[in-house]
Amino acid sequence: MDKVRKLVLTTWRPVLRKVTRMCCDAKVKNLVAFPEVNIGEGKLKYILAKVYVHGEMGQSKTVIRGVSRVKYHLDVYDQLQKEANKLDLCTQCLGGGIMVHDNDKHYIKIYGRSQTLGRADHHEAREVLHEHDKYSSYKIDAESGGQDA
């Protein structure tokens, strides 16, 4: 019996590794391709969240989603979850706030908090926006709200 087990394990192990690697590679490719920033124009409710491969929080990406014409920050988070679930990715919300985006003036103001999700780190949101090609030339004001040390 041991000889059979050794034969089966040595035969199947490379196949299992290859299948696992292909599955994980596809998820990592989805994570890399996942857009960091998707915001509208005007006054928006925004959220800051992490998107990651299930079980691998070390491989994550911080994203921002901002939508006007929604009643609650949770509606924005639900949209993000649907977007991530289509690519077999998981999300973790880091908080929310208000964003005013003026495309003509190249200006974004970030402030406030979500009653349900808590206050997002507005300075981290500003960094994510500055790293994005489209918003790198924008003037971005992030208010601390008096909660920073």
Side-chain angles (χ1 to χ4, degrees), residues 9 11-149:
L9 283 177
T11 305
W12 282 96
R13 190 170 289 142
V15 173
L16 289 174
R17 284 184 186 152
K18 186 173 183 179
V19 169
T20 304
R21 190 177 306 122
M22 286 182 347
C23 175
C24 291
D25 286 348
K27 290 179 182 179
V28 171
K29 286 178 185 175
N30 287 342
L31 179 63
V32 170
F34 199 83
E36 288 94 357
V37 178
N38 187 358
I39 59 173
E41 191 164 342
K43 189 172 180 180
L44 318 164
K45 291 190 187 283
Y46 93 95
I47 60 160
L48 186 69
K50 292 248 186 230
V51 177
Y52 60 96
V53 176
H54 182 71
E56 298 182 33
M57 276 295 281
Q59 296 181 356
S60 66
K61 182 185 268 193
T62 304
V63 300
I64 295 176
R65 293 296 183 267
V67 181
S68 60
R69 298 183 181 167
V70 293
K71 193 168 183 178
Y72 302 108
H73 286 89
L74 277 176
D75 297 331
V76 180
Y77 185 59
D78 288 342
Q79 290 176 13
L80 174 66
Q81 280 186 314
K82 288 176 187 173
E83 185 181 350
N85 286 339
K86 287 178 186 175
L87 299 173
D88 204 21
L89 297 170
C90 299
T91 61
Q92 177 187 11
C93 189
L94 302 175
I98 305 295
M99 183 181 293
V100 178
H101 177 205
D102 189 341
N103 201 23
D104 297 332
K105 294 180 181 178
H106 283 78
Y107 177 75
I108 296 176
K109 181 178 180 179
I110 304 169
Y111 64 97
R113 67 185 309 271
S114 164
Q115 290 288 323
T116 307
L117 302 175
R119 182 182 169 277
D121 184 347
H122 300 318
H123 296 289
E124 184 177 355
R126 181 177 62 193
E127 293 304 316
V128 172
L129 288 168
H130 270 301
E131 291 171 4
H132 195 272
D133 293 335
K134 183 176 179 182
Y135 305 106
S136 60
S137 64
Y138 274 52
K139 181 179 186 315
I140 301 173
D141 289 333
E143 292 185 2
S144 62
Q147 296 180 5
D148 292 339

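The first residue in the sequence is number 1, and the count goes up from there.
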| message | Assess the residue pair I140 and I110 against the criterion (side chain to side chain contact (heavy atoms under 4.5 Å, CB included)); give the C-alpha distance rounded to whole Å, side-chain angles, the decisive distance to 0.1 Å, and a yes or no. | response | CA-CA 8 Å; I140 301 173; I110 304 169; 3.9 Å; yes
| Heavy-atom side-chain proximity of T116 to H73 below 4.5 angstrom | no
Residues 35-48 side chain polar contacts: donor-acceptor under 3.5 Å, at least two apart:
residue : atom : partner : partner atom : Å
E36     : OE2  : K61     : NZ           : 3.3
E41     : OE2  : N103    : N            : 3.4
Y46     : OH   : H122    : ND1          : 2.6

| Does OH belonging to Y107 count more than 12 external heavy atoms closer than 6.0 Å? | yes
| field | Quiz item: cation-pi between K109 and Y111, 6.0 Å / 45° | value | yes
| request: Answer yes if the ring centres of Y135 and H101 are under 6.0 angstrom apart, and no otherwise. | output: yes
| Minimum heavy-atom separation for A120 to G95, with atom names? | CB-C, 3.5 Å
| task | With rounding to the nearest 0.5 Å, note down the distance linking CD in Q59 to CG in L89. | result | 11.0 Å
| message | Which residues pass the side-chain contact (heavy atoms from CB on, under 4.5 Å) test with T91, not counting sequence neighbours? | response | V51, Y77, L80, Q81, A84
| query | Under 3.5 Å, side chain of H106 to main-chain N/O of K139, donor-acceptor pair present? | reply | no
| At what distance, to the nearest 0.5 angstrom, does CD1 of I108 lie from CG of L129? | 5.0 Å
| message | Could you measure the distance from the CD atom of E143 to the CZ atom of R126? Nearest 0.5 Å is fine. | response | 11.5 Å
| To the nearest 0.5 Å, what is the distance between SG (C90) and NZ (K27)? | 8.0 Å
| task | State, to 0.1 Å, how close S60 and K50 come at their nearest heavy-atom pair, and which atoms those are. | result | OG-CD, 3.6 Å
| said: Restricting to non-hydrogen atoms, name the atom on A49 and the atom on C93 that form the minimum distance, rounded to 0.1 Å. | reply: CB-CA, 4.0 Å
| message | Counting C-beta onward and ignoring hydrogens, is there a side-chain heavy-atom pair between H132 and I64 closer than 4.5 Å? | response | no
| task | Answer yes or no: is there a donor N or O on one side and an acceptor on the other, between the side chain of D75 and the main chain of V70, under 3.5 Å? | result | no
